Amino acid sequence: MKKLVTLLALCAAAVWAQAKDYTVVSPDGHLSVTVQTGKSLTYSVQRDGIALLSPSSIGLTLEDGTLWGPGTKFTKATKQSVDALYDAPVFKRSQVRDHYNQLTLKAKGFEVQFRAYDDGIAYRFVPAGPVTVKEEEASFSFAQDWEAYVPYVNQHTETLDSQFFSSQEAHYTVNTISGWNKSFQAFPPITVCAQDGIKICITESDLLDYPGMYFYNYEGGTTLKGRFARVPATYAAEDGEAFQRLITSRKDVIAENTCLLPWRTIIVAQEDKELAGSDMVWRLASPQAVQDLSWLKPGKVAWDWWNGWNLYGVDFEAGINTQTYKYYIDFAASKGIEYIVMDEGWAKHTVLNMKETREEIDLPELVRYGREKGVGIVLWTIARLFEDQMEELCAQYSAMGIKGWKIDFMDHDDQYMVRFYRRAAEVSARYHMFVDFHGAYKPTGLYRTYPNVLNFEGVYGLENMKWGPAIDQVAYDCTIPFTRLVAGPADYTQGAMRNARKENYRSIGDEPMSMGTRCHQLAEYVIFDAPLSMLCDSPSNYLREPECTDWIAAIPTVWDQTVVLDGKIGEYVVMARRKGSVWYVGAITNWEPRDLELDLSFIPAGKAEVFADGVNAHRAARDYKKSMVELDGKVKIHLAPGGGWTLRTF
């Protein structure tokens, strides 16, 4: 027994002898990550001496039991600095600077990389070849019990594992980390309000062949840990009416035969406005895989489903028919709107057959008519059917002249579904078609790798105003620039012309309204990123509101420059965007009226068009005032409760 104890002691000493600390500091010197190896593999994060994340354990367990991270003998540690500038053809700025310091720890079979940016820390495991992963430990141990904005899963909540079936549409609960609701897991991004105004946003990037991460607090302290869906094994028998395949069992691994593991990202902002301007997810994503983008045209799209195909003042019965869609095309053409989308109902059978249209729809004629008018057509489909017939559907409809897909009802992000996203992007690009992922998980950088992926839902958007009970949508609007939109563009589907103050709002399925003022809706086109930006309301309603409609129709959807001027999570945000020489500025507030002074001295002096809340917007939310102003430096603005404000230069 004495020899065995001695042997164990020597083994332990050998392991501990490997323990070593490494520190990587951001280029500006303010942010640092300290990595400790040895019995465990941990990282901690500090900003200017303030501890943000205490030592947090990470590691992988492979299918054969091999453990990466804890107890690993790293054979080499290297550091490098990178400062590069990349073109971003479909983004909120035309160029992105990628400036970081990196530590790489090499071991047998893998390496682990840590990057320190001025605005965050990231790490990832990089296998030397394909591996099958049984478990991943991804922990985030916050230095104090701070408050967090948490999007708990609100679907299929019977068990934690059932919550992996989620469209990631949820409002935010504000609670301390230790006050985590143990009945739920949550999806990223999660934003934590640290001391001295610092914000920490946790998400992931470059998710291409691995399950998406969820969060859970197992112990009630200040540590969140990642949870991952296992690889699907079996499915229920095909149901001809079901929009999704029902997973009936899963394997005992989270990823099979993969060498592409995502970055875990810890975005750090000294001020809220810095977080709203982050492009860290884009920077960490794989480089552009589609080189010829001459065919790709981001823009705006008139939407049929939210307004229930409701037209008035026409001499035909509106609905899912050729006459109605020609009217949508006429409307789009008259306003210079690039696309219309044909949502659920155009195909002969939504689940079984999208190669044929219903009898009331003459799709080739609509494509011809749209081409004549300069308006493209986007088709809605479901992931289940698109997956089975992807090549055939892209070949058929691209040859017809269809410009893109709105793919819906994915609703989970295990490895199988993540692979579907990548394949849908690649095949669609090959046929010169773009993609809007609806019923989708949050973006993780695929929009950089495949710029034809213009939008993701994964947001509690305006479509939820069609039914109740409603959340405080105005407060939500002022939260997502600092949470969900940090990850990337959102198919929020704004543009309501029926607007209501909080007391007057109600859900009406076929004639829906928005919470907040008309100018709140207009400003969302400046503040919310969406390279394919929808006009949710009826053409009939837009034609009654020509001033607002013309403003929406003219706004760009991708930008050369983005500047976040001010903001506070959950309260308000002010953002400026530039396309060419034209600047747009947008501001929205929660239900608190707000007076702000904006420093616009960076914008050349000259004439500008302003849409502001009307003097009675606090009573009638649709009230607004359009005016021309001489812009020269600072501007004072007033936002009504739930209000908004926009400016456009000339």
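Note that this is a predicted model, so its numbers are computed, not measured. Scope of the values below: all heavy atoms of this structure, side chains included, with no hydrogens, waters or symmetry mates.
Side chains of Tyr572 and Asp566: a donor on one and an acceptor on the other come within 3.5 Å. If you check the side chains of Tyr210 and Asp413, you find no donor sitting under 3.5 Å from an acceptor. Side chain to side chain, Gln144 and Gln195 meet the donor-acceptor criterion of an N or O pair below 3.5 Å. Side-chain contact check for Asp145 and Ser178: at least one donor-acceptor pair (N or O, by modelled atom type) lies under 3.5 Å.
When all heavy atoms of Ile569 and Asp272 are compared, the closest pair comes out as N-OD2, 2.9 Å. Of all the heavy atoms in Gln521 and Ala496, the pair that sits closest is OE1-N, 2.9 Å. Closest approach of Ile637 to Ala587, counting heavy atoms only: CD1-CB, 4.0 Å. Taking both residues in full, the closest heavy atoms of Thr557 and Pro531 are given as OG1-O, 2.9 Å, listed atom of the first, atom of the second, then distance. Nearest heavy-atom pair, Pro151 versus Ile190, reported as atom, atom and distance to 0.1 Å: CD-CG1, 3.7 Å.
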- Evaluate salt bridge (Lys or Arg N to Asp or Glu O under 4.0 Å) for Asp623 paired with Arg518, printing each intermediate quantity in order. CA-CA 7 Å; Asp623 187 31; Arg518 173 70 55 79; over 6 Å; no
- Task: Report the C-alpha separation of Asp119 and Arg283 in whole Å, then their side-chain angles, then the decisive distance to 0.1 Å, and conclude whether the salt bridge (Lys or Arg N to Asp or Glu O under 4.0 Å) test is met.
- Result: CA-CA 12 Å; Asp119 61 341; Arg283 276 178 266 149; 2.4 Å; yes
- Assess whether side chain to side chain donor-acceptor pair (under 3.5 Å) is satisfied between His412 and Gln168, documenting all intermediate values. CA-CA 9 Å; His412 56 103; Gln168 299 197 359; over 6 Å; no
- Could you go through the side chain to side chain donor-acceptor pair (under 3.5 Å) check for Asp304 and Trp309 one step at a time? CA-CA 5 Å; Asp304 52 359; Trp309 299 266; 3.2 Å; yes
- side chain to side chain donor-acceptor pair (under 3.5 Å) between Thr265 and Glu204, worked out: CA-CA 5 Å; Thr265 66; Glu204 56 188 338; over 6 Å; no
- Message: One pair to check against salt bridge (Lys or Arg N to Asp or Glu O under 4.0 Å): Asp472 and Lys502. What are the steps and the verdict?
- Response: CA-CA 8 Å; Asp472 185 343; Lys502 192 173 186 179; 3.8 Å; yes
- Message: Quick one, Phe331 with Tyr542, criterion ring pair (Phe, Tyr, Trp, His ring centres under 6.0 Å). Give me CA distance, side-chain angles, the key distance, then yes/no.
- Response: CA-CA 9 Å; Phe331 161 69; Tyr542 285 124; 5.7 Å; yes
- Message: Using the rule given for side chain to side chain contact (heavy atoms under 4.5 Å, CB included), can you reason through Phe420 versus Met410, listing the C-alpha separation, both sets of side-chain angles and the distance that settles it, and then say yes or no?
- Response: CA-CA 9 Å; Phe420 165 79; Met410 285 74 71; 3.9 Å; yes
- Query: Would Asn455 and Tyr447 count as a side chain to side chain donor-acceptor pair (under 3.5 Å) if you check the C-alpha gap in whole Å, the side-chain angles of each, and the deciding distance to 0.1 Å?
  - Reply: CA-CA 8 Å; Asn455 259 9; Tyr447 53 92; over 6 Å; no
- Yes or no on side chain to side chain contact (heavy atoms under 4.5 Å, CB included) for Val174 and Val150, after CA distance, side-chain angles and deciding distance? CA-CA 6 Å; Val174 181; Val150 183; over 6 Å; no
- Query: For Leu485 and Phe528, what are the C-alpha separation, side-chain angles and deciding distance, and is it a side chain to side chain contact (heavy atoms under 4.5 Å, CB included)?
  - Reply: CA-CA 7 Å; Leu485 291 172; Phe528 295 170; 3.6 Å; yes
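For CD of Glu219, the number of neighbouring non-hydrogen atoms (other residues, nucleotides, ligands) closer than 6.0 Å is 12 at most. For Lys568, the NZ atom sits in a loose shell: 12 or fewer heavy atoms of surrounding residues, nucleotides or ligands are nearer than 6.0 Å.
Two rings, from Tyr584 and Trp559, have their centers less than 6.0 Å apart. Taking the six-membered ring where the residue is Trp, the centroids of Phe611 and Trp645 are separated by 6.0 Å or more. Taking the six-membered ring wherever Trp is involved, the centroid distance between the rings of Phe165 and His156 falls below 6.0 Å. The ring of Tyr421 has its center closer than 6.0 angstrom to the ring center of Tyr441. Remark: aromatic rings of Tyr460 and Tyr172 are distant, center separation not under 6.0 Å. Separation of the Tyr216 and Tyr214 ring centroids does not fall under the 6.0 Å cut-off.
Between the side chain of Arg448 and the main chain of Phe91, no donor-acceptor pair closer than 3.5 Å is present. A donor-acceptor distance shorter than 3.5 angstrom exists from the side chain of Trp346 to the backbone of Trp380, with no hydrogens or angles considered. Distance alone, capped at 3.5 Å, places no donor-acceptor pair between the Ser540 side chain and the Leu311 backbone. Between the side chain of Trp306 and the backbone N or O of Leu462 there is at least one donor-acceptor pair closer than 3.5 Å. Under a 3.5 Å cut-off, the side chain of Asn307 and the backbone N or O of Trp303 do form a donor-acceptor pair. Thr493 places no side-chain N or O within donor-acceptor distance of the main-chain N or O of Cys536, the cut-off being under 3.5 Å. Of the possible polar contacts, none joining the Gln473 side chain to the Met515 backbone as a donor-acceptor pair under 3.5 Å is found. The main-chain N or O of Gly439 is found under 3.5 Å from a side-chain atom of Glu457 such that the two form a donor-acceptor pair. At distances below 3.5 Å, not a single donor-acceptor pair connects side-chain atoms of Asn499 with backbone N or O atoms of Ser514. The backbone N or O of Val459 sits nowhere less than 3.5 Å from a side-chain atom of Lys442 that would complete a donor-acceptor pair.
Counting only heavy atoms from C-beta outward, the side chains of Leu522 and Cys548 approach each other to under 4.5 Å. In this structure the side chain of Phe142 never reaches within 4.5 angstrom of the side chain of Leu52, judged on heavy atoms. Using a 4.5 Å cut-off on side-chain heavy atoms (C-beta onward), Ile527 and Ile588 make contact. Using a 4.5 Å heavy-atom threshold, the side chains of Val558 and Lys579 count as touching.
Electrostatic pairing of Arg245 and Asp411 does not count as a salt bridge here, judged by no charged N lying under 4.0 Å from a carboxylate O. Between Arg501 and Glu503 there is a salt bridge, since a side-chain N of the basic residue sits under 4.0 Å from a carboxylate O of the acidic one. In this structure, Glu609 pairs ionically with Lys626, as a charged nitrogen and a carboxylate oxygen lie closer than 4.0 Å. Taking a cutoff of 4.0 Å between a charged side-chain nitrogen and a carboxylate oxygen, Asp279 and Arg93 qualify as a salt bridge. Ionic pairing of Asp537 and Arg544 is not present here: no N-O contact between side-chain nitrogen and carboxylate oxygen is shorter than 4.0 angstrom. Using a 4.0 Å cut-off between a side-chain N of Lys or Arg and a carboxylate O of Asp or Glu, Glu545 and Arg622 do not qualify as a salt bridge. Arg264 and Glu136 are joined by a salt bridge, as a carboxylate oxygen and a charged side-chain nitrogen come within less than 4.0 angstrom of each other.
For Trp180, the side chain to side chain donor-acceptor pair (under 3.5 Å) test picks out no residue, with sequence neighbours left out. When the side chain to side chain donor-acceptor pair (under 3.5 Å) test is applied to Asp595, the partners found at least two apart in sequence or on another chain are His638.
A cation-pi arrangement is not found for Lys199 relative to Trp146, the charged atom failing to lie both closer than 6.0 Å to the ring centre and inside a 45° cone about the ring normal.
With Asp414 as the partner, the salt bridge (charged side-chain N to carboxylate O under 4.0 Å, His left out) test is satisfied by one option alone out of Arg230, Arg250, Arg227: Arg250.
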